[in-house]
Amino acid sequence: MSRKVIIAGNWKMNKTASEGRKLVEELKPLVAGCTEAEVVVCPPFTTLGAVVEAAKGSNIKVGAQNIHWEQSGAFTGEISADMLKEAGVEYVIIGHSERRQYFGETDCSVNKRLKAALAAGLTPIVCVGELLADRENGNTGKVLFTQLEGGLAGISKEDMAKTVIAYEPVWAIGTGKTATPEMAEETHNYIRQQLRDMFGNEVAEKVRIQYGGSMKAENARELVAQQNIDGGLIGGAALKADSFASLIKNALSACK
Ligand code: 13P
């Protein structure tokens, strides 16, 4: 079963509207030929409008970095699915480790956000990953199991097949320390096995599992060449058009 490679840039809290527009304008010609991959950029909320506008007519899709589960109401600082949809957004990152670490995100809130995204027809990118201490104590499997069990609870098989999982070992994010392709593959394989146990083999084979954590042009090919690595969620290397485009091209050169 072949899964379409999905490379998403998570801009985090970087790029004003004008900076985001410029980056997408630069990126467009560089990735115009990369039609075998799904190319996504996820700017901050205030930059979404400018980026959707700039990406029109190109193969670049736009995602948000968070979503609230309610449709509207007294939730200061939050953004609903309808707001994202009307802004032209098609994807949304949910449960990034920075949201878990700094903003109290839990598997339960991840699950509620995921259900809201799916109900609105957005493609969710659900992030999971262990801390360094978890890895060192041999708890990686346990942590991932809990995150998947809680985060994906009550999701139908049909919805699960549309959901993207991003495996981001927290110790590899922004540190320059990438998991080796073998280590990442072992963990991706474990995640797919959990999906098999929860949703059956057919669904598990359809779900795309991205790797994230210091992925760059230099290591993208080797990572995406692994059987269970279907793309990447990119931070730092997505902030410049040339490094992001090179990463995408290298990832696509990994023949499977
Ligand atoms: P870096 O690529 O900067 O390590 O960030 C990864 C990440 O957190 C993407 O969501």
Side-chain angles (χ1 to χ4, degrees), residues 1-10 34 36-40 91 93-97 107 110 114 123-131 134-135 138-152 155 157-173 177-235 237-238 247-256:
M1 142 94 50
S2 67
R3 294 175 288 265
K4 188 166 187 181
V5 166
I6 173 165
I7 309 278
N10 174 9
C34 300
E36 279 164 56
E38 240 166 270
V39 177
V40 186
Y91 297 75
I93 299 171
I94 297 173
H96 190 278
S97 64
D107 295 330
V110 166
L114 172 59
T123 299
I125 299 177
V126 176
C127 301
V128 295
E130 81 285 4
L131 303 171
D134 300 324
R135 170 76 52 184
N139 287 332
T140 300
K142 210 164 94 187
V143 168
L144 293 174
F145 178 87
T146 306
Q147 290 175 345
L148 292 167
E149 197 186 37
L152 306 178
I155 302 301
K157 287 187 179 196
E158 200 190 357
D159 277 344
M160 189 60 227
K162 296 180 205 156
T163 299
V164 177
I165 301 288
Y167 167 59
E168 299 205 310
V170 179
W171 48 270
I173 296 176
K177 282 190 209 154
T178 323
T180 62
E182 295 72 27
M183 191 196 279
E185 169 59 15
E186 189 189 359
T187 315
H188 280 234
N189 187 39
Y190 172 83
I191 292 170
R192 201 174 302 286
Q193 187 54 48
Q194 293 310 315
L195 296 176
R196 222 168 258 133
D197 293 346
M198 290 175 78
F199 299 96
N201 187 52
E202 201 182 320
V203 172
E205 286 298 322
K206 282 186 187 157
V207 175
R208 283 151 331 148
I209 309 176
Q210 298 174 308
Y211 170 80
S214 298
M215 191 161 166
K216 43 189 181 279
E218 293 74 23
N219 57 24
R221 186 175 195 279
E222 251 194 309
L223 284 160
V224 174
Q226 305 298 316
Q227 195 185 340
N228 287 293
I229 302 184
D230 309 308
L233 184 57
I234 323 300
L247 187 156
I248 294 166
K249 285 175 191 161
N250 290 352
L252 281 178
S253 73
C255 39
K256 295 212 217 184

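Contact check on E130 versus R135 returns a salt bridge, with a Lys/Arg side-chain nitrogen under 4.0 Å from an Asp/Glu carboxylate oxygen. Residues D230 and R192 are paired through a salt bridge, judged by an N-O separation under 4.0 Å between the basic side chain and the carboxylate. K157 has no carboxylate O lying under 4.0 Å from a charged side-chain N of E202, or vice versa, which leaves the two without a salt bridge.
A donor-acceptor pair under 3.5 Å is absent between the side-chain atoms of E38 and the main chain of V5, judged by distance alone.
Around the CD atom of E186, the shell of radius 6.0 Å holds no more than 12 heavy atoms that belong to other residues, nucleotides or ligands.
Here CE of M183 is found 8.5 Å from OG1 of T140. Values are rounded to the nearest 0.5 Å. The distance from atom CD of E222 to atom CD of E182, rounded to the nearest 0.5 Å, is 7.0 Å. Note that the CG atom of D107 and the CG atom of L152 stand 9.0 Å from one another [nearest 0.5 Å]. To the nearest 0.5 angstrom, D197 atom CG is 10.5 Å from L148 atom CG. In this structure, the separation between NZ on K206 and CZ on F199 is 13.5 Å, given to the nearest 0.5 Å.
Contact annotation: the side chain of R196 approaches that of E205 to within less than 4.5 Å [non-hydrogen atoms, C-beta and beyond]. At least one side-chain heavy atom of I93 sits under 4.5 Å from a side-chain heavy atom of C127. Residues Y211 and P181 are not in side-chain contact: their nearest non-hydrogen atoms beyond the backbone lie 4.5 Å or more apart. Side chains of Y91 and V164 form no contact here, defined as non-hydrogen atoms less than 4.5 Å apart. Contact of the K177 side chain with the S214 side chain is not registered, since no non-hydrogen atoms from C-beta on lie closer than 4.5 Å. A 4.5 Å side-chain heavy-atom check between V110 and V126 finds at least one atom pair inside the cut-off.
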**OP:** List the steps, then state whether side-chain contact (heavy atoms from CB on, under 4.5 Å) holds for N228 with R3.
**Re:** CA-CA 10 Å; N228 287 293; R3 294 175 288 265; 4.0 Å; yes
**OP:** Would you please test I191 and V128 for side-chain contact (heavy atoms from CB on, under 4.5 Å) and show each step?
**Re:** CA-CA 10 Å; I191 292 170; V128 295; 4.2 Å; yes
Original post:
What's the verdict on side-chain contact (heavy atoms from CB on, under 4.5 Å) for E149 and T146, showing C-alpha distance, side-chain angles and the deciding distance?
Top reply: CA-CA 5 Å; E149 197 186 37; T146 306; 5.6 Å; no
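G213 and T178 make their closest contact through O-CG2, 3.6 Å (heavy atoms, listed as atom of the first residue, atom of the second, distance). Between I248 and A37, the closest heavy-atom pair is CG2-CB, 4.5 Å. The heavy-atom pair separating A184 from L223 by the smallest distance is CB-CD2, 4.1 Å. Looking at every heavy atom in both residues, A166 comes nearest to L233 through CB-CD2, 3.8 Å. In terms of heavy-atom proximity, L247 sits nearest to A220 at O-CB, 3.7 Å. Nearest approach of Y190 to L144, heavy atoms of both residues: CE2-CB, 4.0 Å.
Under the side chain to side chain contact (heavy atoms under 4.5 Å, CB included) rule, I165 has a single partner from R208, M160, Q210, H188, which is M160.
Partners of T163 by side-chain hydrogen bond (donor to acceptor under 3.5 Å, both in side chains), not counting sequence neighbours: none found. For E168, the side-chain hydrogen bond (donor to acceptor under 3.5 Å, both in side chains) partners at least two apart in sequence or on another chain are H96.
Side chain to side chain, N189 and E185 fail the donor-acceptor criterion of an N or O pair below 3.5 Å.
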